Chemist: 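Below you will find the structure I want to go over with you.
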Amino acid sequence: MRPRPLFIENPEHERYVSLVPDGDIEEILSKQRTKTLTLLSSVSEELARKAYAPGKWTLKEVIGHMTDSERVMSYRMLAIARNESAQLPAMDQDQYVAEANFNKLSWEQLLTGLDAVRSNTLSLISTIDDVAWVRNGTVMNSPVSLGTIAYGIAGHELHHMKVISEKYL
C-alpha cells in the first residue's frame, strides 16, 4: 500500500495533494481512471471543442493538458525512483497547450491518450519498491517525494474534473 505522504515538501504541491482522499494511491488512481473516462466518454466532439469563456482552454485542451501533465509527473517519478541526481525540468503548461494543437485531434484520440498515460502511470508505480518510494528528487529548485508526485497526479485530475463538471458540462 502506498499511503498519503506525511510531509509535503513544497506548499505549491499541497494544493493538489490535499484534494485526494486517504488511501492507497494505486487504488485511487485506478478508480479515478474509470470514473473520469466514463464521464468524458459521453461528451460530444462539438462540446469538446468549446471553451467556457473567452481566453480559456477548450475542453480538448484541458484533457490534453491533463495528459501532458501526467506524462511529465510520471517521468519525474521514474527519474526519482531510479535515483536521478540532476534537477528535473519545469513545465510551462501554457506553452505545452499552445504547441500541442489539441483542438486538431479527435475527442476519441484525446481520451485514448489520457487512458494510456494513466495505464502507464499505474504500471510504473507498481514497479517502485519501498526503498525507492521514499526518495526525493528536485523539481524547479524544490525537493519533492515520489508520494507527493503520485498524489499530485490524482489531485491535479480532481482539480480539473471539478472545473470540467462545473464549467464545461
Side-chain angles (χ1 to χ4, degrees), residues 1-43 59-60 62-91 93 96 100 102 107-140 142-166 168-169:
M1 179 167 151
R2 305 285 185 197
R4 167 187 302 286
L6 299 175
F7 175 74
I8 307 301
E9 304 80 12
N10 181 329
E12 200 171 299
H13 298 287
E14 182 66 31
R15 170 182 178 201
Y16 295 125
V17 174
S18 67
L19 298 175
V20 183
D22 287 334
D24 179 62
I25 192 59
E26 288 179 86
E27 185 178 324
I28 290 166
L29 288 168
S30 182
K31 287 180 179 178
Q32 187 179 59
R33 174 188 188 187
T34 302
K35 182 178 179 182
T36 295
L37 290 169
T38 299
L39 176 68
L40 294 176
S41 66
S42 65
V43 170
L59 188 50
K60 285 184 171 190
V62 172
I63 298 308
H65 160 72
M66 288 169 55
T67 303
D68 275 358
S69 294
E70 187 161 336
R71 283 181 175 120
V72 169
M73 289 190 274
S74 288
Y75 166 72
R76 291 172 180 166
M77 282 197 312
L78 172 67
I80 294 167
R82 302 306 187 254
N83 215 12
E84 175 63 61
S85 60
Q87 175 158 227
L88 300 169
M91 174 187 167
Q93 66 180 15
Y96 276 48
F102 292 124
W107 186 236
E108 183 179 339
Q109 281 178 288
L110 289 163
L111 295 184
T112 298
L114 184 66
D115 186 39
V117 167
R118 180 54 55 91
S119 177
N120 289 332
T121 298
L122 287 165
S123 176
L124 171 62
I125 291 171
S126 75
T127 69
I128 299 172
D129 65 21
D130 292 342
V131 172
W133 190 256
V134 297
R135 286 190 184 125
N136 283 352
T138 305
V139 177
M140 298 178 294
S142 179
V144 65
S145 69
L146 285 174
T148 296
I149 295 172
Y151 272 79
I153 289 170
H156 184 256
E157 184 165 318
L158 287 169
H159 162 75
H160 282 292
M161 290 308 296
K162 182 175 191 262
V163 172
I164 289 168
S165 295
E166 292 175 354
Y168 288 89
L169 304 181

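Being a predicted model, the structure only gives us computed values, none of them experimental.
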Chemist: Take atom CD in Glu108; do more than 12 heavy atoms of anything else shown fall under 6.0 Å from it?
Modeler: no
Chemist: Between Ser41 (side chain only) and Thr38 (backbone N and O only), is there a donor and an acceptor less than 3.5 Å apart?
Modeler: yes
Chemist: Once rounded to the nearest 0.5 Å, what's the spacing between atom CZ of Arg82 and atom CE of Met77?
Modeler: 10.5 Å
Chemist: Of all the heavy-atom pairs spanning Pro21 and Tyr151, show the shortest one and how long it is.
Modeler: O-CE2, 3.9 Å
Chemist: Just by modelled atom types, is the Ile63 backbone N or O under 3.5 Å from a matching donor or acceptor in the Thr67 side chain?
Modeler: yes
Chemist: Measuring from Arg135:CZ to Ile80:CD1, what's the distance to the nearest 0.5 Å?
Modeler: 10.0 Å
Chemist: Tell me the closest heavy-atom pair linking Ala81 and Ala132, and the distance in Å.
Modeler: O-CB, 3.6 Å
Chemist: For Met1 and Gly23, work out which heavy atoms get closest and say how close.
Modeler: CE-C, 4.1 Å
Chemist: For a quick test of reading the model, state the closest non-hydrogen atom pair linking Ala150 to Trp133 and the distance between them.
Modeler: CB-CH2, 3.9 Å
Chemist: Ignoring hydrogens and angles, state whether a donor on the side chain of Ser145 or Glu9 is under 3.5 Å from an acceptor on the partner side chain.
Modeler: yes
Chemist: For the atom pair OG (Ser123) and CD1 (Ile128), what is the distance rounded to the nearest 0.5 Å?
Modeler: 10.0 Å
Chemist: So, for Met66 and Glu157, which heavy atoms are closest and what is the spacing to 0.1 Å?
Modeler: CE-CG, 3.5 Å
Chemist: Rounded to the nearest 0.5 Å, what separates atom CG in Leu110 from atom CG in Leu40?
Modeler: 10.5 Å
Chemist: About how many Å separate OG of Ser30 and CD of Glu26, when rounded to the nearest 0.5 Å?
Modeler: 9.0 Å
Chemist: Could you tell me whether Glu12 atom CD has more than 12 heavy atoms of other residues or ligands within 6.0 Å of it?
Modeler: no
Chemist: To the nearest 0.5 Å, tell me how far Thr36 OG1 sits from Lys31 NZ.
Modeler: 13.5 Å
Chemist: Scan Arg76, Met73, Met140 and name whichever one has a side chain to side chain contact (heavy atoms under 4.5 Å, CB included) with Met91.
Modeler: Arg76
Chemist: Tell me, with the steps shown, if Tyr168 and Val43 meet side chain to side chain contact (heavy atoms under 4.5 Å, CB included).
Modeler: CA-CA 10 Å; Tyr168 288 89; Val43 170; over 6 Å; no
Chemist: Could you name each residue pair satisfying ring-ring contact (aromatic ring centres under 6.0 Å, His included) that touches residues 14-43, not counting sequence neighbours?
Modeler: Tyr16-His156, Tyr16-His159
Chemist: Taking the side chain as everything from C-beta on, heavy atoms only, tell me whether Ile153 gets closer than 4.5 Å to Ile25.
Modeler: no
Chemist: Do you know the tightest heavy-atom contact between Leu122 and Leu29?
Modeler: CD2-CB, 3.7 Å
Chemist: Should Arg71 and Asp68 count as an ion pair when the cut-off is N to O under 4.0 Å?
Modeler: yes
Chemist: Let me see the working for Lys35 and Met161 under side chain to side chain contact (heavy atoms under 4.5 Å, CB included), right down to the final yes or no.
Modeler: CA-CA 10 Å; Lys35 182 178 179 182; Met161 290 308 296; over 6 Å; no
Chemist: So do Val144 and His13 actually touch side chain to side chain, heavy atoms under 4.5 Å?
Modeler: yes
Chemist: Would the distance check show the side chain of Gln32 and the main-chain N or O of Ala154 forming a donor-acceptor pair, the cut-off being under 3.5 Å?
Modeler: yes
